[in-house]
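Quick notes on the structure that follows.
Below, chains carry the letters A, B, ... as their sequence lines are ordered, and counting in each starts from 1.
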Protein chains: 2
Amino acid sequence: MKVQDEAILHLQIAESIIEKIRSGEYLESDKIPSENELCRQFHVNRHVVRQAIARMTNLGWVTPVQGKGCYINRIMKPVQYVLSSQTRFSENMSNQGVPHKSKLLHWETGLPSEEECIHLELDPSETIYRLEILRYVDNTPMSVTTTVFPKTEVPGLENYFEGFHSLYGLLESHYQFRPVRSKSIFHASLPYLKDAKVLNIPESVPIVQIESLMNHPGGSPVEYSVARVRSDMHRCLIEF
Amino acid sequence: MKVQDEAILHLQIAESIIEKIRSGEYLESDKIPSENELCRQFHVNRHVVRQAIARMTNLGWVTPVQGKGCYINRIMKPVQYVLSSQTRFSENMSNQGVPHKSKLLHWETGLPSEEECIHLELDPSETIYRLEILRYVDNTPMSVTTTVFPKTEVPGLENYFEGFHSLYGLLESHYQFRPVRSKSIFHASLPYLKDAKVLNIPESVPIVQIESLMNHPGGSPVEYSVARVRSDMHRCLIEF
DNA sequence: TAGTGGTCTAGACCACTAC
DNA sequence: TAGTGGTCTAGACCACTAT
């Protein structure tokens, strides 16, 4: 490899390997050479190779697996999520013909946080349901969502968790309402370690945090949710 | 420090230092101890300390400066950008009382890319202006935007670049039109090295890419732009 | 058992800053 | 000149996978 001034070795190596993936020299869903092999190829220390791999991992090109090797990611077009007042996860995915499912990771009842009180216009003493939902696209975990309902809005919610597969389906069939999005706040960041673990990504892969307030069709707030979405699997379209 | 099982040293150290910043033990806009000092404090190798610092840097807590030390970032509330069909950068910032400015980094005329043709409904042979604009908030570079206009829409645009400070101000005063946003696509990722350099951030700090199509109030497309925004300085609000 | 990636130690040299 | 962060080398030990 030609060493250029003012260039950093590990970034050059990452660039070089990415180019080989792009060009087809390394085949998709195959593995790149092992760290030791790359050390020999580029005549550098393993530390440098590992930095290069970290960069590629964060960019979403490869996924290292302990004991096996470093797999090249299937190049997936990120899911395009159309955001409007009517948008819900399931329908968005179905519209794009993308296989998807949801899993209820955890649920609890309790008191709302200050943040939740403000958004849902709640008294701090009102009981709420708090759910943790993991959403899969193509059998890959794409997002974790924490979602909060006042207990008075969805009394006995826990009775319907058996065989959970779609939150909005559940609301519609048991409570006869369809929440409507009133606002969303986007924010990109790095994941908390806990979320990274659930989403099965390294802690340096960016995520998008989407904070949403949902209302009754009438106008009063019913649901406040915070979704953390793998950024490499997701883009969000807003039309005006 | 208490060493816990199944925890990773550098993440624990990052956690521990962040806690000291939070608690006020390390003062804002001061420096954290030097790498060597931290090595002594935590009884670990410099490599581990550097990983911890990398994590904190990516999370936006500190900024290392060669030869000087590792500065604790002023905790800034991210700028809240309200996205609507009428939104423009300057007005958004002014509404929040945030000091801001824009700088024209580069401009050129040339032929549109395939992408640009599609969005602007252009013939591949039509000439376009392509501008590269750096936007500052509080004297910190917040975003780089590449923006494209068909030449026929803004003939002689280069004559007005002298003393450039606001794109939309320029359009309004010299061409008597106000572009209106028709759609935007959000996507979080890691920056290209070139953008990271311009924005003065490490290449592992996430950015938000906002791709926008702007129309004439009448309806026909006039401007296609792609902004890369520091995620730690920015959140985006959409109301329905 | 051999090979892979994950973590950590030890130490070198550089560029930049402060004095 | 001394101290700081930036990059790289060399090598250890671990956990996991394949055989």
Side-chain angles (χ1 to χ4, degrees), chain A residues 1-17 26 29-58 61-73 193 196-197 200-205, chain B residues 1-17 26 29-58 61-73 193 196-197 200-205:
Chain A
M1 187 172 66
K2 191 172 57 179
V3 176
Q4 296 171 358
D5 290 354
E6 65 167 319
I8 290 163
L9 259 179
H10 73 261
L11 295 179
Q12 287 182 63
I13 292 174
E15 207 53 45
S16 153
I17 297 174
Y26 293 154
S29 66
D30 202 354
K31 291 188 291 189
I32 63 173
S34 77
E35 295 183 352
N36 284 321
E37 174 56 27
L38 290 172
C39 292
R40 283 189 290 276
Q41 278 184 28
F42 291 100
H43 306 291
V44 292
N45 186 271
R46 190 173 157 221
H47 174 55
V48 177
V49 165
R50 284 182 58 76
Q51 282 183 84
I53 291 177
R55 168 84 181 159
M56 292 190 291
T57 305
N58 296 341
W61 287 96
V62 296
T63 305
V65 179
Q66 194 175 84
K68 301 178 82 172
C70 190
Y71 290 90
I72 297 171
N73 292 337
L193 300 182
K197 211 169 173 182
N200 195 28
I201 52 175
E203 83 277 353
S204 41
V205 169
Chain B
M1 188 172 64
K2 190 173 57 179
V3 176
Q4 296 170 358
D5 291 354
E6 67 168 317
I8 291 164
L9 260 179
H10 73 260
L11 295 179
Q12 286 182 63
I13 291 174
E15 208 51 48
S16 155
I17 297 173
Y26 293 153
S29 65
D30 203 354
K31 292 188 292 188
I32 63 173
S34 76
E35 295 183 351
N36 284 321
E37 175 55 28
L38 290 171
C39 291
R40 283 189 291 275
Q41 279 186 27
F42 291 100
H43 306 291
V44 293
N45 186 271
R46 189 172 157 222
H47 175 55
V48 177
V49 165
R50 285 183 57 76
Q51 282 183 85
I53 291 177
R55 168 85 181 159
M56 291 189 293
T57 305
N58 297 341
W61 286 97
V62 296
T63 306
V65 179
Q66 194 174 82
K68 301 177 83 171
C70 190
Y71 291 90
I72 298 171
N73 293 337
L193 301 182
K197 211 170 172 183
N200 195 29
I201 52 175
E203 81 278 352
S204 40
V205 168

Dump every N/O contact between nucleotides 2-5 of chain D and the protein below 3.5 Å, one line per pair.
from, atom 1, to, atom 2, distance (Å)
dG3(D), N2, G67(B), O, 3.2
dT4(D), OP1, S34(B), OG, 3.4
dT4(D), O2, G67(B), N, 3.2
dG5(D), OP2, E35(B), N, 2.7

L9(B) has an atom CG; how far is it from atom C1' of dC13(D), in whole Å? 14 Å

With sequence neighbours excluded, residues passing side chain to side chain donor-acceptor pair (under 3.5 Å) with E203(B): none

Residue set satisfying side chain to side chain contact (heavy atoms under 4.5 Å, CB included) with C70(B), at least two apart, ordered chain then number -> I32(B), I53(B), V62(B), P64(B)

Provide, to the nearest angstrom, the distance between the CD atom belonging to Q51(A) and the P atom belonging to dT7(D). 8 Å

Not counting sequence neighbours, which residues clear side chain to side chain contact (heavy atoms under 4.5 Å, CB included) with K31(B)? List them please. Y71(B)

Where are the stems of DNA chain D, defined as at least 3 consecutive Watson-Crick or wobble G-U pairs with both distances under 3.5 Å? C:1-18 with D:1-18

Rounded to whole Å, how long is the line connecting atom CG of L11(B) with atom P of dG6(C)? 14 Å

By side chain to side chain donor-acceptor pair (under 3.5 Å), which residues pair with N73(A), not counting sequence neighbours? T63(A)

Between dC13(D) (C1') and H47(B) (NE2): distance, integer Å: 14 Å

Going by side chain to side chain donor-acceptor pair (under 3.5 Å), name the residues that satisfy it together with E37(A), two or more places apart in sequence or in a different chain. R40(A), Q41(A)

Of R55(A), R50(A), Q51(A), the residue whose pairing with H10(A) passes side-chain hydrogen bond (donor to acceptor under 3.5 Å, both in side chains): Q51(A)

Using the side chain to side chain donor-acceptor pair (under 3.5 Å) criterion, which residues pair with S204(A)? Sequence neighbours excluded. N58(A)

